[in-house]
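Only one structure is covered here, and it is reproduced in the block below.
What you see is a predicted model; the values in this text were computed from it and never measured. Labels below follow one simple rule: chain letters A, B, ... track the order of the sequence lines, proteins then strands, and each chain is numbered from 1.
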2 protein chains.
Amino acid sequence: MARAARDPEERIRERNMRLIIKAGIEIFARKGFDGTRIAEIAEASGLPKANVYYYFSSKEEIYTAIIAHLLASWDDALKYISPEREPAEAFKLYIKAKLEYTRKNMAESRLFASEIIQGARFLSRKDREHIRQVTDTHVAVVEGWIAAGKMLPVDPRHLFIMLWASTQFYSDFEPVAVDALKKPRLKADDYEKAAATITETILRGILRQP
Amino acid sequence: MARAARDPEERIRERNMRLIIKAGIEIFARKGFDGTRIAEIAEASGLPKANVYYYFSSKEEIYTAIIAHLLASWDDALKYISPEREPAEAFKLYIKAKLEYTRKNMAESRLFASEIIQGARFLSRKDREHIRQVTDTHVAVVEGWIAAGKMLPVDPRHLFIMLWASTQFYSDFEPVAVDALKKPRLKADDYEKAAATITETILRGILRQP
DNA sequence: TTGAAAGTTGACACTTTGGTCAGCTTTTGT
DNA sequence: ACAAAAGCTGACCAAAGTGTCAACTTTCAA
């Protein structure tokens, strides 16, 4: 039988799919779904267009593969919001993790933002249900903290939106962030300063005063 | 001479250009620049495609006309950040105005977000210089408040980013906001609740405690 | 070594796109 | 009333787009 050996067999396939996905992330992020041309993805990944179609049968298939991969690695930053932690510590870690993630995965972050702005056309019901459920879990944790008197009674859903929005901004809207901060480009310490400002302001805003 | 009478002459031109711009805002917002088809704008504005080209000589011209119009009406919400006001009052009004504006001009807001995410390709140097300058002015106001001991020493640039990000989110990323808030769609009182939460949290975060 | 599966790709078919244009109708100052 | 300017539009391109395919090369278990 001609089945290639497990390891090397998967290697070519995986390598090329990874190249395509990687190029796709960059270009979908910059151009959105409708604006992206398969030929451009092909060029950026160094493969002929027909080869791209050998692995993915349509533009939509590439796009949804990216979205799926992205959502899978998405929940990670939220793991810090857990009931065992003190809110101050939890939010601090969350903000830091979120900013680091978006900084190191700018294209992914923008692609997701783009998808949402364009109406979340390719987020499945299941995807959205998942988002809702993850939010619910963390809302419950915050409600627990409020009930325990560890936090002021702030609406947890709006609070999460504030955090999400503030942390996404630096990567998603980098050109504006750059202008607002008067920097030629954002570097690690700009993200650290952002984390500090967001953390300090939000914590003072939600914790009982000492 | 065949020059039409000022008033009615301008009326047709203006009406049609307005129709095109209006349709353009919706579609550019949903599809981004590259993803938008002139034929779609034509259809949405109820005019034949050739008629669209009678008023605008290219896709880019429609797009930049929209951006220009948008930036012009952009500064308004920031007028509340002025040195005569007390910070508490100023930020409260600013947050309210910004949320109201984005709610009532969702498509514009998304179009701008889309433009930024896609790299701000059509923002001119002048546009960006303008943004920088407006920011500087308001940063100076905040610095004045800090120097006067009316506010805690919060980095004003990061603070403005927090405010901008938090207020934009509800319109730009509505599908996620809807899921996070567990509402079928956002209504006026969701925006009011958002304004209240953002205002309360931020104010506690930046004002000296009484 | 071999042959079947996996991978590769230039060339092609078909559709959609941005943009043009020639000739039409409507409007309007005189 | 009328001519010139303004407005309108179906039909048309060239270019660019998505997706297909048949024929080729590479890989690898037996």
Counting distance only, does the side-chain N/O of Arg103(B) pair as donor-acceptor with the main-chain N or O of Tyr170(B) below 3.5 Å?
->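 Flag not set: sc Arg103(B) to bb Tyr170(B) has no pair under 3.5 Å.
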Any side-chain N or O of [X] below 4.0 angstrom from OP1/OP2 of [N]?
X: Arg13(A); N: dG7(C); value: yes
X: Asn16(B); N: dC8(D); value: yes
X: Tyr53(B); N: dG19(C); value: yes

For the pair made of [atom1] in [X] and [atom2] in [N], what is the distance, rounded to whole Å?
X: Ile12(A); N: dC28(D); atom1: CD1; atom2: P; result: 6 Å
X: Leu47(B); N: dT26(C); atom1: CG; atom2: P; result: 16 Å
X: Asn51(A); N: dT25(D); atom1: CG; atom2: C1'; result: 12 Å
X: Phe56(B); N: dG18(C); atom1: CZ; atom2: C1'; result: 16 Å
X: Ile27(B); N: dT17(C); atom1: CD1; atom2: C1'; result: 15 Å
X: Asp34(A); N: dG17(D); atom1: CG; atom2: P; result: 14 Å
X: Lys49(B); N: dG18(C); atom1: NZ; atom2: C1'; result: 6 Å
X: Ile38(A); N: dT20(D); atom1: CD1; atom2: P; result: 11 Å

Carefully, step by step, assess Thr102(B) and Gln168(B) under the rule side chain to side chain donor-acceptor pair (under 3.5 Å).
-> CA-CA 7 Å; Thr102(B) 56; Gln168(B) 288 297 120; 5.3 Å; no
Residue met sooner reading DNA chain C from 5', once Pro48(A) and Glu40(B) are mapped to nucleotides =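 Taking each residue's closest nucleotide, the earlier one in sequence belongs to Pro48(A).
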With a non-hydrogen cut-off below 4.0 angstrom, is Tyr55(B) in contact with a base, only sugar-phosphate, or nothing?
->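 Sugar-phosphate contact only.
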Flag for Thr197(B)-Asp155(A): side-chain donor and acceptor within less than 3.5 Å |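 There is no such pair between these side chains.
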Charged N to carboxylate O below 4.0 Å: is that the case for Asp136(A) and Arg157(A)?
-> yes
Derivation of the side chain to side chain contact (heavy atoms under 4.5 Å, CB included) call for Glu26(B) and Thr36(B) | CA-CA 10 Å; Glu26(B) 297 290 337; Thr36(B) 293; over 6 Å; no
So which one's nearest nucleotide on DNA chain D is more toward 5', Glu60(A) or Tyr54(B)?
->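 Comparing both residues, the 5'-ward one is Tyr54(B).
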